[in-house]
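Take a look at the structure set out below.
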Amino acid sequence: MSSYFITGVARGLGFEFVRQLSTNPANTIIGLVRDKTATEKKVSEELSGRKNVHLIQGDMVDYASLKKAVDEIATITGGKLDYVIANAAFLSVWAAFEPFSLLAKEPEKLEKELVDMFTVNVVGNIHLFNLITPLVLKGNGKKIIAISSGLGDQEMAINYELFQNAPYSISKTALDMAVAKFHAEYRKDDVLFMCISPGMVDTGYIDPETALLNDMIGKFMKYAPDFNGPTPIDVAIQRILSVMDKSSVEAGDGGKSLSQFGNKQWL
Ligand SMILES: NC(=O)c1ccc[n+]([C@@H]2O[C@H](COP(=O)([O-])OP(=O)(O)OC[C@H]3O[C@@H](n4cnc5c(N)ncnc54)[C@H](OP(=O)(O)O)[C@@H]3O)[C@@H](O)[C@H]2O)c1
């Protein structure tokens with residue numbers, strides 16, 4: 001019997017984590033959402049009868065709500081937690097395709113985008129890890145996984161002229177470093193902090209018809225000639241859970257940022 005806390009479970013990868021992990025009735029699944037009522041409805045419609053799914057309201061930009069969420073988790077689990085999957089993130093469409101030189105035409109919007117990315121994807125997770133690690137130290141799983149992105153990999157940006165998604169990519173590189181720092185602190189306690197990226201997954205947030213996507217996909221295909229489009233969401237989550245399952249502090253995975261394949265092959 002394992003307990004999992006997953007952020008951003010209202011849709012996308014987060015909801016699929018809940019769907020797959022809750023198939024085992026012995027698991028306790030706790031999800032953080034911004035709109036609890038709407039997600040309760042979705043869970044009752046799509047995962048009806050799963051009594052092991054609990055939803056908690058919280059926002060990654062609201063420290064008080066994260067603190068309250070951690071108190072609620074402790075009440076549900078009896079003061080301990082096995083696994084954390086820090087999945088929630090701000091993904092932008094506005095800055096997804098254009099290079100800095102074009103984003104620069106709206107400097108205030110660009111600045112807000114950079115700050116919002118950092119606030120949600122980096123600061124929010126740092127607060128969450130600080131608040132939740134005491135529960136994980138008392139649990140059995142002792143794994144805190146942040147969902148990152150290959151777009152945060154500097155080599156890929158450099159070698160494939162991948163200027164797309166700049167603010168988001170910067171936030172994921174920073175998240176990778178934050179996780180490395182948490183590992184550096186908690187390695188002695190055998191808590192595995194690591195980042196796992198899902199690859200490109202179709203969650204419906206980008207219109208596949210948009211011409212702007214083609215340039216990025218072209219670069220992806222140069223990077224990975226076998227790449228033939230987004231991974232189905234169920235497969236992506238199976239791969240992440242497999243990497244999470246196999247990884248350990250003892251095996252030297254702590255602080256690393258790995259792909260869905262358990263290596264640095266991002267696509
Ligand atoms: N999809 C991909 O191809 C891909 C590729 C690489 C990495 N990733 C990573 O995978 C993870 C999931 O991505 P996804 O594609 O499933 O994204 P998504 O469909 O946009 O879902 C993001 C989730 O995060 C939540 N969220 C956003 N801001 C939040 C905040 N301030 N507080 C609390 N929750 C917040 C959203 O909540 P609401 O529903 O309330 O908006 C939503 O449930 C992210 O970390 C993303 O960076 C995805």
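Whatever order the structure lists them in is the order used to number ligands and atoms, beginning at 1.
Taking a 4.0 Å cut-off on heavy atoms, G199 registers as neighbouring ligand 1. Ligand 1 lies nowhere less than 4.0 angstrom from a heavy atom belonging to T7. Ligand 1 lies within reach of S148, whose nearest heavy atom is under 4.0 Å from it. Using a non-hydrogen distance threshold of 4.0 Å, E16 does not register as a contact of ligand 1.
Remark: K68 engages E72 in a salt bridge, criterion side-chain N to carboxylate O under 4.0 Å. Using a 4.0 Å cut-off between charged nitrogen and carboxylate oxygen, K112 and E108 do not count as a salt-bridge pair.
Evaluated by nearest non-hydrogen atom to atom 44 (C) of ligand 1, the leading choice among I147, L267, V120, N87 is N87. The option with the heavy atom closest to atom 38 (P) of ligand 1, from among K36, R34, K42, Q260, is R34.
For ligand 1, the atoms sitting less than 4.0 Å from at least one non-hydrogen atom of M60 are 30 (C), 31 (N), 32 (N), 33 (C), numbered in the order shown with element in parentheses. Residue P198 has at least one heavy-atom neighbour below 4.0 Å for each of these atoms of ligand 1: 4 (C), 5 (C), 6 (C), 7 (C), 8 (N), 48 (C). In summary, the atoms of ligand 1 found under 4.0 Å from a heavy atom of G12, numbered by their order in the structure, are 16 (O), 19 (O). Close approach of ligand 1 to M200 is summarised as follows: ligand atoms under 4.0 Å from at least one heavy atom of the residue are 3 (O). Short contacts between ligand 1 and Y168, defined as distances under 4.0 Å to a heavy atom of the residue, involve ligand atoms 6 (C), 7 (C), 8 (N), 9 (C), 46 (C), 47 (O). With ligand atoms numbered from 1 in the order given, ligand 1 contributes 22 (C), 24 (O), 26 (N), 27 (C), 28 (N), 44 (C), 45 (O), 47 (O) to contacts under 4.0 Å with heavy atoms of A89. Within ligand 1, counting atoms from 1 as listed, the ones closer than 4.0 Å to a heavy atom of A10 are 39 (O), 43 (O).
One distance of note links CG of D82 with CE of M1; it measures 8.0 Å at 0.5 Å rounding.
With respect to M60, the side-chain contact (heavy atoms from CB on, under 4.5 Å) criterion is satisfied by exactly one of N125, N121, V123: N125. The one candidate from D59, V61, T39 that meets the side-chain contact (heavy atoms from CB on, under 4.5 Å) condition with R34 is D59.
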**Request:** Step by step, work out the side chain to side chain donor-acceptor pair (under 3.5 Å) result for D215 and Q164.
**Result:** CA-CA 9 Å; D215 183 56; Q164 286 87 350; 2.7 Å; yes
**Prompt:** Going through the distances and angles, do S259 and N263 end up as a side chain to side chain donor-acceptor pair (under 3.5 Å)?
**Reply:** CA-CA 5 Å; S259 74; N263 55 27; 3.1 Å; yes
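The distance between the ring centers of F129 and F193 falls below 6.0 angstrom.
K67 forms no cation-pi arrangement with Y63, by the criterion of a distance under 6.0 Å to the ring centre and an angle within 45° of the ring axis.
Considering backbone and side-chain N/O atoms, L13 comes within less than 3.5 Å of an N/O atom of ligand 1. Between G8 and ligand 1, at least one N/O pair is under 3.5 Å apart.
With sequence neighbours excluded, no residue forms a salt bridge (charged side-chain N to carboxylate O under 4.0 Å, His left out) with K181.
For D59, heavy-atom contacts with ligand 1 shorter than 4.0 Å involve the backbone as well as the side chain.
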